[in-house]
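Down below is the structure, laid out as structure tokens.
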Amino acid sequence: LIYVGDADLMCNWQGTQAWTLDLEWKGKTEFNAAKEQAFTTHDPLVADAPIVDAGVLRSFENFAMLRVFNSGHMVPMDQPAVALDMVNRFIRNELVR
């Protein structure tokens, strides 16, 4: 799981996307061909929390790159609910396709 805030000035999402697309591994062709999809989530700690468009996800098999909206370098501090849901879904193998 690679994640980056869309407002990260230290590790910008464009550079992160570039190296993930260039990474040599057995699933490179399929990962690069995978369509980006909206990452929607809600605050898992708040009952009846609204679903929000929280980022853009590209994934294949056991590799995923997520650009998190409205976040800088410290995604868990800037978007704690999104980060919690992201990690929980990754651990449950619900983030990668």
Side-chain angles (χ1 to χ4, degrees):
L1 169 61
I2 308 299
Y3 63 91
V4 61
D6 67 346
D8 188 336
L9 298 178
M10 289 190 228
C11 302
N12 64 69
W13 72 266
Q14 295 95 336
T16 301
Q17 182 179 53
W19 75 257
T20 59
L21 293 172
D22 198 42
L23 185 67
E24 292 297 332
W25 66 292
K26 69 178 181 70
K28 177 181 181 176
T29 301
E30 293 85 356
F31 177 78
N32 291 359
K35 292 189 187 289
E36 291 184 333
Q37 53 192 314
F39 180 74
T40 57
T41 188
H42 68 282
D43 188 335
L45 301 177
V46 176
D48 298 324
I51 294 176
V52 296
D53 188 10
V56 177
L57 175 69
R58 178 190 303 255
S59 66
F60 177 73
E61 288 187 354
N62 62 343
F63 190 61
M65 189 252 173
L66 175 61
R67 174 174 31 127
V68 180
F69 294 154
N70 302 312
S71 181
H73 192 65
M74 299 298 291
V75 171
M77 186 170 15
D78 295 338
Q79 294 291 339
V82 174
L84 178 61
D85 191 38
M86 169 189 70
V87 170
N88 285 336
R89 287 163 66 178
F90 183 73
I91 289 169
R92 292 189 308 254
N93 201 29
E94 296 171 355
L95 194 59
V96 294
R97 302 190 197 298

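Position 1 is the first residue of the sequence, and the numbers go up from there.
Heavy atoms only, all atoms of each residue included: N32 and T20 are closest at OD1-O, 4.3 Å. G72 and D78 get closest at one heavy-atom pair: N-OD2, 2.7 Å. In this structure, A49 and H42 approach most closely via the heavy-atom pair O-CB, 3.8 Å. Closest approach of K28 to D22, counting heavy atoms only: NZ-O, 3.5 Å. The heavy-atom pair separating Q79 from S71 by the smallest distance is CG-CB, 4.0 Å. The heavy-atom pair separating E30 from K26 by the smallest distance is OE1-O, 3.8 Å.
A side chain to side chain contact (heavy atoms under 4.5 Å, CB included) with L57 is found for one member of L95, V68, T40 and no other, namely L95. If you run side chain to side chain contact (heavy atoms under 4.5 Å, CB included) between M65 and each of L1, L23, T16, only T16 comes through. The residue from V82, N88, L84 that alone fulfils the side chain to side chain contact (heavy atoms under 4.5 Å, CB included) condition with T41 is V82.
By the 4.5 Å heavy-atom criterion applied to side chains, W13 and V56 are not counted as neighbours. With contacts defined as side-chain heavy-atom distances shorter than 4.5 Å, the pair P76/Y3 qualifies.
L21 is connected to V4 through a chain of hydrophobic side-chain contacts under 4.5 Å among Ile, Leu, Val, Met, Phe, Trp and Tyr, so both are in one cluster. Linking Ile, Leu, Val, Met, Phe, Trp and Tyr whenever their side-chain heavy atoms come within less than 4.5 Å puts V75 and I91 in one cluster. Clustering ILVMFWY residues whenever any of their side-chain heavy atoms sit less than 4.5 angstrom apart, transitively, puts F69 in a cluster other than the one holding V52.
More than 12 non-hydrogen atoms from other residues, nucleotides or ligands lie less than 6.0 angstrom from CZ of F39.
The OG atom of S59 lies 11.0 Å from the CD atom of E36; values are rounded to the nearest 0.5 Å. For the atom pair CD (Q17) and CD1 (I2), the distance works out to 13.0 Å, reported to the nearest 0.5 Å.
Although no hydrogens or angles enter the test, the distance criterion places no donor-acceptor pair under 3.5 Å between the side chain of D6 and the main chain of R67.
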